[in-house]
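Everything on this sheet refers to the single structure shown next.
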Amino acid sequence: MNRFGRIALKTILWIIGSVIALILLLIFLIRLPAVQNYVVGKVTSYVENKIGTPVRIGYVNITFPKKLVLENVYFEDQSKDTLVAGERLLVDINMFKLLKNTVEIEELELEGITAKINRSLPDSTFNFDYIVQAFSSQKESTPTADTSSALVFDIDDVLFKRIHFVYTDEVVGTRADIRLQHFDTKVKRFDLTGNMAFAMPNLKVDGLTAFVNQWQPVGDAEAPSAADFGITDTSVQASSLLPDLSIENVDLSNIFVQYQDASSSMDTKFDIKRLTANIKEMDLNREIVRLEEVALDESDSQILLGKTIKKTTDGDRDSSSMNWIVSADRLLINKTKVTFRDDNQARMKGFDYFNIGIRDFFGELEDLYYSSDSISGSLKSLTAQDRSGFTIKSLQADFMYNNTGATITNLLAETPWTTIRDRIQVYYPSLDALSENPGLVQVDARIRKSTIDMRDILYFAPFLDTMDVMKPLLTRSFYIDGSVKGRMDNLVIPNIEFRTLDRTHLIASATIKGLPDMDKLDIDLKLRKLTTGKADIERLVARSMLPDSLQLPNAISLSGTFRGGMKGFDANLSLITEKGNATVNGNLSMGRDTTYAAYVSIDNFHIGS
């Protein structure tokens, strides 16, 4: 190598070495607290002068080239109230990826953060608008579509502790005060373009308190837009779609949310100790939610509707239908309370549908499917008690409802006094056909060895205790075992057994035709057994309604056949008592002329003079 070559090589190596040394020195200086505080002081002073409101950063730690820690941060708005304040902010960001339009954050931690966002009248501006304007360029050029690409966000660990967020919007009449104790997740996708997309496989929240007040209805034209919050991507502003969300597991603990709407006098509260959910699919735009398992443990929900003044229906309201499809493999509810009260409705005796107070609510539901026109599932267990006193000891059933029918199978419903078993199935061509011709309804019901107590019926028909004829039955139960099958205009009851009071017992079979048109009603009854007695009859019929001379037998047994309807009948009946026996075989025809014929046989029959 000649002398010139050696000099050139030494020069190049010296330049490279100087650049490396300068970079190392710069990294070393950036890590020095004094240098970092000096830089922060300059930045703080610049920002304060730029926006015209106080800005403070108590401590900064920069670990080049990735980690940034800020402590005791404070931004004040123009009303001298807190805009943003925080105890600690940590960002672990890859600085070099920024050169490739990628925001790669491996760790984001916020602790002790307070943010207050306001939108006031009459100018409808947010309290941070002046900051946006201060940093906006006075002369902005319109970039072409290919001058730059959108930022790509790649965020991993996110941890929030003790967050306080206050939002007040006088334009739409809404105020929200939210406190979050703990939130952590891993963000797999964070896309702010188009309709936006976020993927957080695991989401955990512990300690969330939210108070939301609304004092006038929200109008679409008044609601904040994406541009109001600094999202200027035209694809976002033009999109009418909801964000794409991908969440697999949700774990919520110690949640309290209260929503009050003065315009509708609504006050709702939801207090949840624990809620977990495994999500298979969630598509807000296709209106689909598919869940694997949801478990709700100890909650207290209240929905209260205060008195309101009736208003004329607004014909301009959006009447677009919602067609959500929700499915869940398993739902578990443990120790839950539910309260609903509507003060616009008069209070009712018994079970008040507008003043419900459920406590000790436990339930397990599998294979739930819900859509706008159908619902189905398998209820494995349910227990609950209402404020009225009505109690469900156990309820289980497989159920289905859609446009062509409703079924309840494997039914077991138990209260302290009532037990109902088996199935009820109803089918029809369509809802329109059902309203036009109820006779097309197909019924297949089996009530097996069931007991229905009047004390439970009174909760839903309290007016019965005012009827004299019902008073003897108010403390009694009814035993039912039977089935019915067929179309409504041709029902077949192959067997029915009924018992109540002390001696009243019915065993029969029947075919009923013509329903629901009573003029076409035709009953073919085979009465195998009907027993009763003096004590039961006197409970059901007031003595004043019976002749004084009538002496009712202590035991009465009736059997035979009856066929007919509103236009006449044929009867062949046999009556047996300890006061004698009687048989009747005859018919009655009620047309233009009423005719009848009967053969009556009496054997030592004496029930009075």
Side-chain angles (χ1 to χ4, degrees), residues 36-37 39-40 43-44 47 51 53-77 81-95 97-98 102-118 126-128 131-132 135 151 153-168 176-192 196 198-212 224 228-231 243 245 247 249-257:
Q36 293 179 357
N37 290 331
V39 173
V40 170
V43 172
T44 301
V47 174
I51 66 178
T53 55
V55 177
R56 291 195 299 271
I57 301 176
Y59 172 80
V60 63
N61 187 321
I62 303 173
T63 304
F64 190 83
K66 293 184 64 180
K67 189 169 289 187
L68 170 65
V69 178
L70 298 178
E71 294 183 1
N72 301 322
V73 177
Y74 177 79
F75 280 75
E76 189 176 281
D77 64 16
D81 192 6
T82 300
L83 181 60
V84 177
E87 296 176 11
R88 187 170 185 268
L89 182 150
L90 182 150
V91 181
D92 189 346
I93 186 170
N94 191 325
M95 301 291 186
K97 287 291 186 72
L98 292 174
T102 299
V103 180
E104 183 179 285
I105 299 175
E106 295 184 6
E107 185 178 8
L108 173 62
E109 291 186 12
L110 299 179
E111 184 173 354
I113 304 296
T114 297
K116 296 182 179 181
I117 305 299
N118 303 321
F126 285 94
N127 59 338
F128 57 81
I131 298 178
V132 177
F135 286 95
L151 283 173
F153 288 85
D154 184 3
I155 304 174
D156 196 4
D157 294 337
V158 176
L159 175 61
F160 296 164
K161 294 181 180 179
R162 294 184 291 108
I163 306 299
H164 184 203
F165 176 71
V166 179
Y167 177 76
T168 304
D177 191 324
I178 301 171
R179 293 182 183 271
L180 175 63
Q181 293 299 317
H182 179 95
F183 170 89
D184 70 78
T185 187
K186 289 181 179 291
V187 181
K188 298 301 181 183
R189 186 182 182 191
F190 192 91
D191 187 354
L192 297 179
M196 300 187 288
F198 309 98
M200 297 172 284
N202 300 293
L203 189 153
K204 182 176 182 179
V205 176
D206 187 356
L208 171 66
T209 303
F211 297 92
V212 181
D228 291 329
F229 295 96
I231 302 175
L245 294 179
I247 302 175
N249 299 293
V250 176
D251 187 346
L252 308 179
S253 302
N254 302 312
I255 309 297
F256 181 84
V257 177

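- Atoms CG and CG, on D81 and L83 in that order, are 9.0 Å from each other to the nearest 0.5 Å.
- Listed here is the closest heavy atom pair of I117 and F126: CG2-CD2, 3.7 Å.
- Going from atom CE of M200 over to atom CG of N249 covers 12.5 Å, rounded to the nearest 0.5 Å.
- Taking the side chain as every heavy atom from C-beta outward, H164 and V166 approach each other to under 4.5 Å.
- Residues passing the salt bridge (charged side-chain N to carboxylate O under 4.0 Å, His left out) test with R179: none are found, sequence neighbours excluded.
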Exercise. Would L203 and F183 count as a side-chain contact (heavy atoms from CB on, under 4.5 Å) if you check the C-alpha gap in whole Å, the side-chain angles of each, and the deciding distance to 0.1 Å?
Worked result: CA-CA 8 Å; L203 189 153; F183 170 89; 3.7 Å; yes
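- Separation of atoms OG (S253) and NZ (K204) is listed at 6.5 Å; rounding is to 0.5 Å.
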For this session: Dump the intermediate steps for side-chain contact (heavy atoms from CB on, under 4.5 Å) on V69 and L89, then the final yes or no.
Result: CA-CA 6 Å; V69 178; L89 182 150; over 6 Å; no
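- Closest approach of P201 and K186 over heavy atoms only: CD-O, 3.3 Å.
- For the pair T185 (side chain) and N202 (backbone), a donor-acceptor distance under 3.5 Å is present.
- The residue from V250, N254, D251, I255 that alone fulfils the side chain to side chain contact (heavy atoms under 4.5 Å, CB included) condition with V205 is I255.
- Annotation: side chain of E87 is in contact with side chain of R162 (closest heavy-atom distance under 4.5 Å).
- At distances below 3.5 Å, at least one donor-acceptor pair connects side-chain atoms of T53 with backbone N or O atoms of E76.
- A distance of 10.5 Å separates CG in D184 from CD in E109, rounded to the nearest 0.5 Å.
- Aromatic ring centres of F256 and F211: separated by under 6.0 Å.
- In this structure, the side chain of D177 does not engage the main chain of V212 through any donor-acceptor pair within 3.5 Å.
- Panel note: side chain D77, backbone N127; no donor-acceptor pair is recorded below 3.5 Å.
- You'll find the side chain of L208 reaches within 4.5 Å of the side chain of I178, heavy atoms only.
- The two residues Y74 and T82 make their nearest non-hydrogen contact at CE1-OG1, 3.6 Å.
- Of the inter-residue distances, the one linking N118 atom CG with T168 atom OG1 reads 5.0 Å to the nearest 0.5 angstrom.
- In this structure, E111 CD and L90 CG are separated by 10.5 Å, a value rounded to the nearest 0.5 Å.
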